[in-house]
Amino acid sequence: MSTLLEVRGLSTVYHTSEGPVRAVDGVDLTVGRGEILGVVGESGSGKTTLVMSLMRLVKPPGRILKGSEMLLDGEDLFRLPRSAMPARRGRDLALIPQSAMHALNPVIPVDRQVAEAITAHGEARSKAALRTARDRLREVGISPERCHAYPHELSGGMRQRCVIAMAVANEPKLVIADEPVSGLDVVVQARILRLISELRESRGLSMILVSHDLTTVAKICDRIMVMYAGRIVEAGETRTVFEKPLHPYTRALVEAIPQVRGPRQTLRAIPGGPPDLNHLPPGCNFQPRCPAAFADCKVVDPSLEEAEPGKKVACLLYHEDERKLEA
Amino acid sequence: MAQYALVLLVALSLNFAIPRLAPGTPIDYLVPSEQVATITPEQRERVLAQFGLEKPLLEQYWLYLAGIVQGDLGYSTQQGRPVVDMLLERLPWTLVLVGGAIALSLVIGAGAGFLSAARRGGQTEVGGLVFFMFLDSMPPFWIGMLLLVLFSGYLQILPVFGALPLTGAGGGFGLTFEVAQRLLLPLLTLTLVRAGWLFLVARSSLAGELSEDYIVMAEAKGLSRRRVVGHGVRNALLPLVTAVAVEAGTVVGGATVVETVFSYPGLGRLIYESVLSRDYPVLQGAFLLLAVGVIAANLLADLLYPVIDPRVRAEGAR
């Protein structure tokens with residue numbers, strides 16, 4: 001599988017009254033053609049900032065730091081002038097935003113909103129764009145007679161479908177979905193996830209799917225990255241992350257998934273809350289909440305390194321092993 | 001619609017009731033004050049009968065409503081002319097002034113407000129905000145007097161007074177020019193005063209819309225900045241329509257002050273003159289006209305909402 005997107009050292013800083021805060025801190029990631037990469041983390045872990053950074057839609061006081069690279073088909077989008085970005089958005093990179101419920105303009109019929117995405121990228125005749133838009137809407141399961149509806153006349157699931165149709169309208173190279181199923185009931189969630197898988201099959205969609213819900217991500221992603229306090233703490237194939245989580249945080253996340261089958265258990269939660277980015281703990285960011293922490297964790301800030309083939313983790317537990325092997 | 005009819009009836013009734021609830025008797029203002037103590041009961045009866053004030057209240061009310069339907073608002077106590085004629089004579093001047101001011105202030109105020117919201121945080125934006133907030137806080141008579149002093153007193157390029165030239169009115173183009181010249185300052189005053197308010201409404205409305213999620217989506221699908229802002233403007237129009245409807249009422253009040261400062265022969269000036277001379281029938285007629293104007297403006301706004309916002313349309317259909 002050839003590489004479509006390669007992000008290196010992406011850092012995004014928010015300037016606050018208490019000083020700069022790194023919401024995304026040195027993130028590396030790659031997405032192959034036709035691959036779906038999942039990014040998981042609790043709220044406040046920097047997921048949405050990561051998404052907005054990749055779209056280059058970070059608003060002041062936020063700023064993408066110099067030295068961050070985002071190579072899409074070998075071209076660094078962060079080096080393009082700001083004015084060149086509108087032409088890229090929607091065509092190279094498309095967004096399915098968080099709270100897609102509100103992502104539609106309430107006063108414009110949905111087919112015209114999809115058509116607008118098409119005319120913005122070259123299709124000059126609005127009639128033809130409208131026809132294409134209706135085809136796209138049908139593809140995501142909106143019946144032709146509902147195409148001319150206003151957003152408030154559609155259900156949450158249908159609005160989400162419209163947003164997806166809008167995102168894929170121009171056959172983008174990469175789709176970035178930020179919590180595409182949050183706020184929908186489980187049945188609709190399952191349908192939307194199936195729709196995304198179908199689109200991936202039929203169009204060879206490449207995608208980054210961001211969610212706080214590990215199970216959502218696990219259903220359709222090839223690889224998973226776990227984010228904590230703006231950093232990637234573990235990355236690997238979906239199966240290995242699930243079956244053999246390495247980082248204590250990932251392990252806690254997997255254990256926190258309620259089991260329907262098997263003996264009754266009390267739900268396990270992770271003690272504490274996400275760290276205050278203004279006052280990060282010394283050493284490892286997860287160390288204060290970590291059941292496996294030891295003395296070095298308060299001193300050494302672990303970097304993301306390969307622990308086993310195809311599996312990276314940022315935890316001293318595994319870096320220690322490496323050191324022992326070296327000795 | 002039924003609501004508006006009801007509001008209109010209430011306005012008519014209040015208009016009928018207020019002068020009758022006021023302290024004193026009609027004689028106090030119908031008869032010159034130095035003669036009130038000396039008139040005979042017969043004279044008193046005759047004066048009351050002349051204005052139909054000797055009849056029972058309910059009959060007076062009925063005659064009042066019937067009169068309105070027939071376009072009869074009574075007679076001025078000072079000039080003896082039909083009130084309707086006096087109002088109609090003044091109405092065009094006020095319509096030109098107020099209508100022009102609303103249109104101009106909408107274009108200038110809302111235009112600048114939208115621009116300011118689209119460029120939030122920039123330097124020009126802060127300057128604009130300060131300027132329009134300053135305008136919004138200025139009393140109309142003060143702006144009017146400043147303009148008067150500047151253009152008519154100091155620069156002496158515009159006439160000070162009235163709406164028509166006092167001498168040699170002539171006709172055709174010359175007259176139009178003279179009238180336009182005299183309209184300019186009161187129009188400018190009213191426009192400036194109202195533009196400040198509309199600027200603030202438009203700015204805050206669009207700024208709110210631009211932080212909505214659908215704006216992020218509009219950006220993410222690759223629209224140019226102009227079209228992204230366009231998405232917001234479409235949604236920011238609703239509060240503006242409301243503001244203009246409210247304004248249509250208050251601008252007439254503002255016109256009283258401005259018309260007085262510039263001795264402009266509109267309705268506002270008529271109200272001012274009638275207050276001074278205690279000409280109740282004329283005041284009553286003028287207030288009635290203002291009430292109808294405000295109600296009509298609100299009706300128009302209500303009819304416009306569904307055109308602008310499909311969600312209102314849905315509620316109306318329910």
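All chains are named by letter (A, B, ...) in the order of the sequence lines, taking the proteins before the strands, and each is independently numbered beginning at 1. It should be emphasised that the depicted structure is a prediction, and the values quoted were computed from it without experimental measurement. All values below were derived from every heavy atom in this structure, side-chain atoms included, with hydrogens, water molecules and symmetry-related copies excluded.
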Which region of A:Ile176, side chain (C-beta onward) or backbone (N, CA, C, O), has a non-hydrogen atom less than 4.5 Å from a non-hydrogen atom of chain B, or is it both or neither?
neither
Segment of A:Leu104 engaging chain B (4.5 angstrom heavy-atom cut-off):
backbone
Roughly how far apart are B:Lys221 NZ and A:His121 NE2, rounded to 0.5 Å?
9.5 Å
Measure the CD-CE distance between B:Glu219 and A:Met52 for me, rounded to the nearest 0.5 Å.
7.0 Å
Would you name the heavy atoms of B:Pro310 and A:Pro106 that are closest together and state the gap between them?
CG-O, 3.4 Å
Restricting to non-hydrogen atoms, name the atom on B:Leu223 and the atom on A:Pro86 that form the minimum distance, rounded to 0.1 Å.
O-CB, 3.9 Å
More than 12 foreign heavy atoms under 6.0 Å from CD of B:Gln3: is that the case here?
no
Can you pull out the residues in residues 107-116 of chain A with any heavy atom less than 4.5 Å from chain B?
A:Val107, A:Ile108, A:Gln113, A:Glu116
Given the options A:Ala103, A:Gly90, A:Ala94, which has more heavy-atom pairs under 4.5 Å with chain B than any of the others?
A:Ala103
Applying a heavy-atom distance below 4.5 Å, give me the residues of residues 204-216 of chain B that approach chain A, sorted by number.
B:Asp213, B:Tyr214, B:Val216
